[in-house]
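Lettering of chains follows the sequences in order, A, B, ..., and the numbering in each one begins at 1.
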2 protein chains.
Amino acid sequence: MTRVLLVEDDPQLVRALVINLQARHYGVDAAPDGATALRLAAARRPDVVLLDLGLPDMDGVDIIKALRGWSRVPILVLSARQASGEKVAALDAGADDYVTKPFSIDELLARLRAAVRRTEDAPHAPGPLLVETADFSIDLIAKKAIRDGQDVRLTPTEWHLLEILVTHPGRLITQKHLLQEVWGVSQRSKTNYLRVYMAQLRRKLETDPSHPRYLITEPGMGYRFEG
Amino acid sequence: MTRVLLVEDDPQLVRALVINLQARHYGVDAAPDGATALRLAAARRPDVVLLDLGLPDMDGVDIIKALRGWSRVPILVLSARQASGEKVAALDAGADDYVTKPFSIDELLARLRAAVRRTEDAPHAPGPLLVETADFSIDLIAKKAIRDGQDVRLTPTEWHLLEILVTHPGRLITQKHLLQEVWGVSQRSKTNYLRVYMAQLRRKLETDPSHPRYLITEPGMGYRFEG
DNA sequence: AGGTCGCGTCAGGGTCCCGTCAAAACCAGG
DNA sequence: CCTGGTTTTGACGGGACCCTGACGCGACCT
C-alpha cells in the first residue's frame, strides 16, 4: 500500500482529501503543521508527501529543505499562491510538483500517481536517517553530530556541507556542485570557502584532522565521504 | 550539458524557448511534429523532453506512450488545454508534468530543473555505470577505480582519459579525438601527453603494465579499452 | 642492414591546488 | 551600543599534478 503524508491545516480540505485517498486505497497520515509533518515523515516513512505551503508554524520552503536533508521522497506542493516566484522557490528547494488551489481532485490524483510511479521504476533505497562511522555518527533528522558520546556543535554552513557529502556516501562531489549548493555560486574562484569549511569539519569530526579518514579530498575534482 | 528535446509546432514559441534554454546552457533539439520527435528522441537520447500536445500529425498521448515503450526520459507536457481530463490522460500515459499555456518561462524552467534533478540522483542506466574487468572495476558515477579491493587514486586528467576509453568499450579512439577531448588541442605534435598518461593509467590499473590487457595501443591510430 | 618513426619510460622543474592560520567583516540578541 | 558567534577574506608554505625533453626499444620500410 502506498502511504501518503498529508500536510494541511484546513480541516475541511483534510477531510475531503483523506476520504478521496482512502477510497483509492492509499494509506494516509495527516499533519496540521510543519513540526508534526517532519516528525511523521521520519516516523512513518511515507511514499509521497502532499504539502500545503501556508502552514501556521513554519515556512513551506523550509519544510521542503528540511525533508530533502535526509529524504528523497516525492513532494507535491499545494498552494493558493499562483505567483511564479513561489513556485520556482518551492521547486528549486526540492519539490517535485506544484499544484495551485483550487485544483481538480482528479488532476491531483493523476499527479500523485505520476510521482509514485517514478519512484517505483527506480527503486532507490530510502536514505538512512542515521549515518554511522567508527568515530562519529550523524543524525540527519535531528541535525546533530555525535562523537565519543558528546554532541558536536556545527554551524549552519558546516552542516549544509556535511549533509551533502554524507547523503551521497562514496560518491565524488565536485567543488562546483558544492559551491553551487551551499553558497549559490559556481565560480571556481571561491574554492577557499570549501577549504576553510572542510578543515573545520575535519577538526570537529576526524580523530586525525590532518590525515582524514572520512572526508576525503580528490585533488582538482572535489570531495567525498567514505563510510 | 543537459540535452532537451523540444517538440512544438509553433515556430514563434520554439524560437522563444530555444533562446531561453540556450542562454541557460541547455543543448536543444527541436522537432515540429510527432514523427520527427520520436526519431530525434531515439537518435539524440535527450535528458528531458518538452512536449506540446497539439501536434499536427499525431495525438500527444500516443507520443508519450511510444516514448515510454523504450525510455524513461522525463517528459514535460505543454498544452493549451486546461481540462483536467487531458491532464489525467497525459500523466497516466507516462508524462512527468503538465504545464498549461500560457505559462511563465521561469516556472517552466523550474519544473524542468526539478525533472532533471530527479534523474541525476537516480541515474537509470544511460550506459553501464559500473565497468568491471577481471582485474579492476570503474565506478563512473562515484568516480572511483577499485583494484584488489583497494581504491586507486586517479588524477583529474587520468580520470578524464580513462572515462572516454571505458565508455566506448572495444571501440578504437583516435589520438586526435583524445587530445581534443582532454586537452582541447588536436595537434598531432603533442602525442607525448597521451603516452605519458596512458603509461600512468596502465601502471595504476594493469597487473602487467608493460603488457597491457585492457588499455590497448593501436600503433599509429589511437587506443582502445577491451572489456 | 641501416634508417626512421612511433611508442614506452623516466626524472626534473614550474605551476597550480590544498591545508592552515588569523584577522576583518558581518549578524543577531541582549 | 556592545558582544559572541559565524562567515568571509587574505596570505603563506608544502605538496601534488602537469608539462617537457631525453633516451631506448621495437616495428616497419627502403
- Taking 4.0 angstrom as the limit, do B:Glu218 and B:Arg224 come out as a salt bridge? yes
Correct closest heavy-atom pair for A:Ala30 and A:Val14 would be CB-CG1, 4.2 Å
Taken to the nearest whole Å, OH/A:Tyr193 to C1'/D:dT7 is 8 Å
**Item:** Side-chain N or O of A:Thr155 closer than 4.0 Å to phosphate OP1/OP2 of D:dT7
**Value:** yes
Atom CZ of A:Arg203 and atom C1' of D:dT6 are separated, to the nearest Å, by 14 Å
The ring pair (Phe, Tyr, Trp, His ring centres under 6.0 Å) partners of B:Tyr193 (sequence neighbours excluded) come to B:Trp183
Output one line per pair: protein atom, nucleotide atom from nucleotides 4-7 of chain C, and distance, for all N/O pairs under 3.5 Å.
| from | atom 1 | to | atom 2 | distance (Å) |
| --- | --- | --- | --- | --- |
| C:dC7 | OP1 | B:Gln175 | NE2 | 3.1 |
| C:dC7 | OP1 | B:Gly220 | N | 2.9 |

Between the protein and nucleotides 28-30 of chain D, which nitrogen or oxygen pairs are less than 3.5 angstrom apart?
none

In this structure, CD1 of A:Ile105 is separated from CZ of A:Phe103 (nearest 0.5 Å) by 5.5 Å
**Study point:** Pair B:Ser210, B:Arg203: side-chain N/O donor-acceptor within cut-off below 3.5 Å
**Key:** no
Closest non-hydrogen atoms of A:Met221 and B:Pro156, given as atom of the first, atom of the second and distance, are CG-CG, 3.6 Å
Start with the C-alpha distance between B:Arg202 and B:Asp208, add both sets of side-chain angles, then the distance that settles salt bridge (charged side-chain N to carboxylate O under 4.0 Å, His left out), and finish with yes or no.
CA-CA 8 Å; B:Arg202 295 207 255 243; B:Asp208 183 358; over 6 Å; no
To the nearest angstrom, the CD-P distance between A:Gln200 and C:dC18 comes to 18 Å
Under-4.0 Å side-chain N/O to phosphate OP1/OP2 contact, B:Trp183 with D:dC18 = no
Practice prompt. Decide whether A:Ser137 and A:Asp139 meet the rule of one side-chain donor and one side-chain acceptor closer than 3.5 Å.
Written response: no
**Request:** Identify whether the distance between the nearest side-chain nitrogen and carboxylate oxygen of A:Lys144 and A:Asp151 falls below 4.0 Å.
**Result:** yes
Computed from five pairs at either end and rounded to 10 degrees, the angle between the axes of the helix from C:dA1-D:dT30 to C:dG30-D:dC1 is 40°
Ranking D:dT20, D:dT6, D:dC17 by distance to the side chain of A:Pro156, first place goes to D:dT6
Item to check | NZ/NE/NH1/NH2 to OD/OE distance under 4.0 Å, B:Arg118 and A:Asp96 | outcome: yes
Here the distance between atom C1' of C:dT9 and atom CG of B:Leu215, to the nearest Å, is 16 Å
Here the residues of residues 157-165 of chain A within 4.0 Å heavy-atom distance, strictly under, of DNA chain C are none
Ordered by number, residues from residues 136-154 of chain A within less than 4.0 Å of DNA chain C (heavy atoms) are none
Between CG of A:Leu201 and C1' of C:dT20 the distance, given in whole Å, is 15 Å
message = Can you see if the side chain of A:Tyr197 gets near the phosphate of D:dT7 - specifically, an N or O under 4.0 Å from OP1 or OP2?
response = yes
Cationic N near anionic O, under 4.0 Å, A:Asp92 to B:Arg113 = yes
Closest non-hydrogen contact found for A:Trp70 with A:Leu140 is CB-CB, 3.5 Å
Rounded to whole Å, CG of B:Leu194 lies from P of C:dT9 at a distance of 14 Å
Here the distance between atom P of C:dG8 and atom NE2 of B:His211, to the nearest Å, is 12 Å
On a heavy-atom basis, the closest approach of B:Leu67 and B:Ala41 is CD2-CB, 3.6 Å
Identify whether the distance between the nearest side-chain nitrogen and carboxylate oxygen of A:Arg111 and B:Asp97 falls below 4.0 Å.
yes
Take B:Glu158 and B:Lys204 through the test salt bridge (charged side-chain N to carboxylate O under 4.0 Å, His left out) and record every step on the way to the result. CA-CA 10 Å; B:Glu158 286 163 9; B:Lys204 291 184 178 180; 2.8 Å; yes
(Q) Looking at A:Gln82, I'd like to know if its CD atom is crowded, meaning that more than 12 non-hydrogen atoms belonging to other residues, nucleotides or ligands lie closer than 6.0 Å. (A) no
